[in-house]
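In what follows, a single structure is set out as structure tokens and then discussed.
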Amino acid sequence: LKSCPSVDLEEFVDNILKKYPAKVAKKRKDHILVRKEEDPARESIQANNRTVPGIITQRGCCYAGCKGVVLGPVGDMVHITHGPIGCGFYAWLTRRNLFKPGEDGKNYSTYCFSTDMQEQDIIFGGEKKLKQAIKEAWETFKPNAISVHATCPVGLIGDDVQAVAREAEAELGVKVLAFNCEGYKGVSQSAGHHIANNKLFNETVGTKDEAIPGYSVNILGEYNIGGDAWEIERILEKCGIKIAATFSGDGKYDSMTSSHMASLNLIMCYRSINYLAEMMETKYGIPWAKVNFIGVKAMSKSLRKIARFFEDPELTRRIEEVIKEEEESVEQKLAPYRERLQGKTAMLFVGGSRAHHYQDLLRDLGMEPVAAGYEFAHRDDYEGSHIAGKIKVDADSRNIEELKVEPDPEKYSPRVSPEKKKELEQESVLGHYHGMIPDMPPGTLVVDDISHLELEELIKTLKPDIILSGIKDKYVIEKFNVPSKQIHNYDYSGPFAGYKGAVNFARDIDMMINNPAWKLAVPPFEKKPLLSADLGTD
Ligand code: CFM
Ligand code: HCA
């Protein structure tokens, strides 16, 4: 490792694994990769497996992935959680997906709707209560659509949320989308993404044909955390690119219905939305391009991909002009931060895409990512989408229905000629995500679904200057006198996307890393020994 040349990473990983019982060590071994090969195509990792019971993981559940992640940000809809109150309560606003209402002024994003199931509903069934909740929501708010999300007990007692939704839709005349996203499905929130994608594709996309003039794109997998989508929108609009729909940051139900008319799908978070992109390509002929709007160079590179796709000299000229102007202005602001951050090391353990996306931004600041991993991503997010076909069907795909999709005889239209498409695929502009591993240089560590035990060992030995992570480990990390920045919800800050976002991020990171308090505080476990236990070897 460049930053700690004295550490033999293989030996270090072996020593961590020795702390586990043998069976657990065997399982965890395949989820930890010491980057060695110069050729990243030869490196692989296990992912998207069930977490070993007893291990403290950062993962969430299927309901979190469906309601919290994919549907939640659509602010002109009412999202009803069908289940006990806790599920709705804990998914209420903590993700910081921001929303500005459209012309109709409809905005329900700050509400928490739940059927608040009680013991008698579990015994006698909750369908009547759900029907009543949908009716009340419609009569009180008149939202543009309603979604219903089943949590664990609903699946266990067998409430037919699909039938209730169909009935309510027919009676009230409003679209009601019901999701069987019971928390226990799959192995993480990833299953919920898939369920959400399937229904949005089947019942929303393509239900209204409204032509979208100009250079139109949909943005997929951008959720407007801390206002990211607004900074992206500012830049794209300045370039003359029209955002037809976003799935689903600052999302409006109506724009999703006609999103099949756009020219190009831009994928920000591949993990949560690749299903929808693939299905839209098959049915409507919209190709997808993987972009990353996090980081100055990454933002410019993504804009150039769009320019390459549309191939209009005037648009390309405009895009180059915007890049020049924005980069110059941001460079001046970043320079003083870079001086203080240069050479600092970081670890990133988060979600299914940001542990990769934020590496570009860290590198813009002269920082070095030394270890990274996702909570719940699949092997293609690590190794690249091109190997997806070679990977054995994984846990999610076994449990969650793969829709059979055919080209729509009336609505299919290829956006580019087959020759150009092939060319753009070869250039990795279209249909290609290269994944995290190729971007991690030899001598770094990749850890999938990291446990608290592993995280503590990494902190003690590799001593990073900062860890980008989430709420479940932030304070564990800070007790080791290492600052931890939440890159799920940005710790009340943001936006971090685009050019202006990069400056906000640099300011926040500088404030944390160069804060003298870290050197002054002594964690309690350094003053007096804590209890320890012998886990045994098997
Ligand atoms: Fe995609 Fe996300 Fe992420 Fe994700 Fe998430 Fe999130 Fe995340 Mo939290 S959709 S995979 S399920 S980028 S909620 S906005 S921050 S874990 S890295
Ligand atoms: C989720 C949402 C979450 C949690 C964040 C965290 C988010 O997984 O249900 O663990 O800090 O981004 O809000 O990922």
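As a basis for the values below, the full set of heavy atoms in this structure was taken, side chains included, without hydrogen atoms, waters or symmetry mates. Counting convention: from 1, in listed order, for ligands and their atoms alike.
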If you look at each N/O of ligand 2, which protein N/O atoms lie under 3.5 Å away, and at what distance?
unit_1	atom_1	unit_2	atom_2	d
ligand 2	8 (O)	Gln189	NE2	2.8
ligand 2	10 (O)	Lys472	NZ	3.3
ligand 2	11 (O)	Ile471	N	2.7
ligand 2	12 (O)	His488	ND1	3.0
ligand 2	14 (O)	His488	ND1	2.9

Check this for me: does any side-chain nitrogen of one of Glu233 and Lys242 sit under 4.0 Å from a carboxylate oxygen of the other? no

Report yes or no: do Ser190 and His378 form a side-chain donor-acceptor pair below 3.5 Å? yes

Taking atom OH of Tyr492 and atom CD of Gln486, what is their separation to the nearest 0.5 Å? 6.5 Å

Distance-only side-chain donor-acceptor flag, Thr57 / Asp449, under 3.5 Å: yes

Using a strict threshold of under 4.0 Å (side-chain N to carboxylate O), is an ion pair present between Lys297 and Asp360? no

Take Lys19 and Glu456, measure what salt bridge (charged side-chain N to carboxylate O under 4.0 Å, His left out) needs, and give me the verdict at the end. CA-CA 12 Å; Lys19 294 182 188 278; Glu456 287 184 18; over 6 Å; no

May I ask you to identify the nearest protein heavy atom to atom 14 (S) of ligand 1, giving residue, atom name and distance to one decimal place in Å? Arg95 NH2, 3.1 Å

Hey, which protein N/O/S atoms does atom 1 (Fe) of ligand 1 have under 2.8 Å? Cys269 SG

Checking His356 against Asp381: is there a side-chain donor and acceptor pair closer than 3.5 Å? no

Are Lys344 and Glu368 ion-paired here, with the side-chain N under 4.0 Å from a carboxylate O? no

Which protein non-hydrogen atom lies closest to atom 7 (Fe) of ligand 1, naming both residue and atom, and how far is it? His488 ND1, 3.7 Å

Salt-bridge present (Glu454, Arg28; N to O < 4.0 Å): yes

Answer yes or no for Phe376: is there a heavy-atom contact with ligand 1 below 4.0 Å? yes

Sequence neighbours left out, what pairs pass salt bridge (Lys or Arg N to Asp or Glu O under 4.0 Å) with at least one residue falling in residues 245-257? Lys208-Asp254, Asp250-Lys252

Checking Ala371 now: which residues fulfil side chain to side chain contact (heavy atoms under 4.5 Å, CB included) with it, not counting sequence neighbours? Met347, Phe349, Leu445, Leu458

